[in-house]
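Okay, so here's the structure we're looking at.
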Amino acid sequence: MTTATRRPAGLQVVPSLLSADLARLGACLDAACKAGAAWVSVDVMDGHFVPNISFGPDLVRLIKRRTGLFVDAHLMVSNPEEAASFFVAAGADMVVLHLEACRDPRAALRRLRKAGVLAGLAIKPRTPAARLLPLLGEVDLALVMTVEPGFAGAKFLEPMLAKVRTLRRVIDAEGLDCGLQVDGGINAVTIAAAAAAGADSFVAGSAVFGAKDIGAAFRALSGKAKISFNHKT
Ligand code: DX5
């Protein structure tokens, strides 16, 4: 099981596992892959940093063994600097830390890259984009949470689009090789707004794995993103 050295290219709809029917996880993953999914996000929650408890490193290991998908572990936990090593060992291609939970984010990001995995940094709705800017050079992905993290199905927070536009402007101005992702409340309408603001990957839980036809939902969202990204505002 080898980890990727680059995130999947182009605009990516990234199904998140929190909404998957765990009794049919294999079929859900197969449907997403068949529709063109290249990347899935494992929402890791500890019931402390966020009010929900979800998955551990074994789910990452299982997905990596079963599919060729790029897998990120999104650590919504209070001790990401300690927890990260378990997800690296499980074969995650990328580990996404929350800026709010890191004692020394720069050191934690460098440790991830030194371990051979891509490094992501996420900010919650109340955290300004300005706090992420000084670290953009150290990350492979900047993640703007567009909901208060913890549960699937929450409402998209429109004001987060201003953060996306700010980060897109800086990433482009400095020519950084850094993905810009949104996560939470992504559906056929909000994905268009997020893409127009400059996001290039879109974590979607209920809109994909919560859909009756996972493949059709994935393809529809991908189409919407592509149209809107090219008409950035
Ligand atoms: C929630 C998680 C999200 C969630 C997305 O905090 O980080 O990834 O699974 O679910 P939807 O797309 O339903 O908002």
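Order of listing sets the numbers, starting from 1, for every ligand and every atom in it. Side chains included, hydrogens not; waters and symmetry mates left out as well; all remaining heavy atoms used.
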- May I ask you to check if ligand 1 and Gly185 share an N or O to N or O distance below 3.5 Å? yes

- Query: With no hydrogens and no angle check, is any side-chain donor or acceptor of Asp72 less than 3.5 Å from a backbone partner on Val95?
  - Reply: no

- Query: Using 4.0 Å as the upper bound for N to carboxylate O, is an ion pair formed by Arg6 and Asp140?
  - Reply: no

- Quick one: look up the protein heavy atom nearest atom 1 (C) of ligand 1 and list residue, atom name and how far away it is. Phe151 O, 3.6 Å

- SB check Arg168 Asp200 (cutoff 4.0 Å): yes

- Gly150-ligand 1 polar pair, N/O distance under 3.5 Å: yes

- Enumerated ligand 1 atoms positioned under 4.0 Å from heavy atoms of Leu18: 9 (O)

- Query: Atoms of ligand 1 less than 4.0 Å from Ser16 heavy atoms?
  - Reply: 4 (C), 5 (C), 8 (O), 9 (O)

- Residue, atom and distance of the protein heavy atom nearest atom 12 (O) of ligand 1 read Gly205 N, 2.7 Å

- Task: Could you list the atoms of ligand 1 found under 4.0 angstrom from a heavy atom of Asp43?
- Result: 2 (C), 3 (C), 7 (O), 8 (O), 9 (O)

- Note on the structure: Numbered in order shown, the ligand 1 atoms found under 4.0 Å of a heavy atom of Ala152 are 10 (O), 13 (O)

- Message: Which of the numbered atoms in ligand 1 are under 4.0 angstrom from any heavy atom belonging to Val203?
- Response: 8 (O)

- Task: Mark yes or no for whether Ser85, through its side chain, and Glu82, through its backbone, hold a donor-acceptor pair below 3.5 Å.
- Result: yes

- Is it true that Arg106 and Glu138 make a salt bridge, defined as a side-chain N closer than 4.0 Å to a carboxylate O? yes

- atom 13 (O) of ligand 1 [closest protein heavy-atom partner, distance rounded to 0.1 Å]: Ser206 OG, 2.3 Å

- Item | Sub-4.0 Å atoms of ligand 1 with respect to non-hydrogen atoms of Pro149 | 6 (O)

- May I ask you to check whether Asp183 has an N/O atom sitting below 3.5 Å from an N/O atom of ligand 1? yes

- Geometric class of the His98/Phe49 ring pair [parallel <30°, tilted 30-60°, perpendicular >60°]: tilted

- Message: Tell me whether Arg126 is salt-bridged to Glu148, with the criterion being a basic N under 4.0 Å from an acidic carboxylate O.
- Response: yes

- Keeping the roles fixed (side chain from Asp172, backbone from Gly175), state whether a donor-acceptor pair exists under 3.5 Å. no

- Item | Donor-acceptor contact below 3.5 Å, side chain Ser19 vs main chain Ser206 | yes

- Item | Short N or O distance, Met76 and ligand 1, threshold 3.5 Å exclusive | no

- Task: Run the numbers for me: atoms of ligand 1, each under 4.0 Å from some heavy atom of Ala204, listed by number.
- Result: 12 (O)

- Message: On the six-membered ring of Phe202, is Lys224 placed so that its NZ or CZ lies under 6.0 angstrom from the centre and within 45° of the ring axis?
- Response: no

- Task: For Gly153, take its heavy atoms, then give the atoms of ligand 1 lying under 4.0 Å from any of them.
- Result: 11 (P), 13 (O), 14 (O)

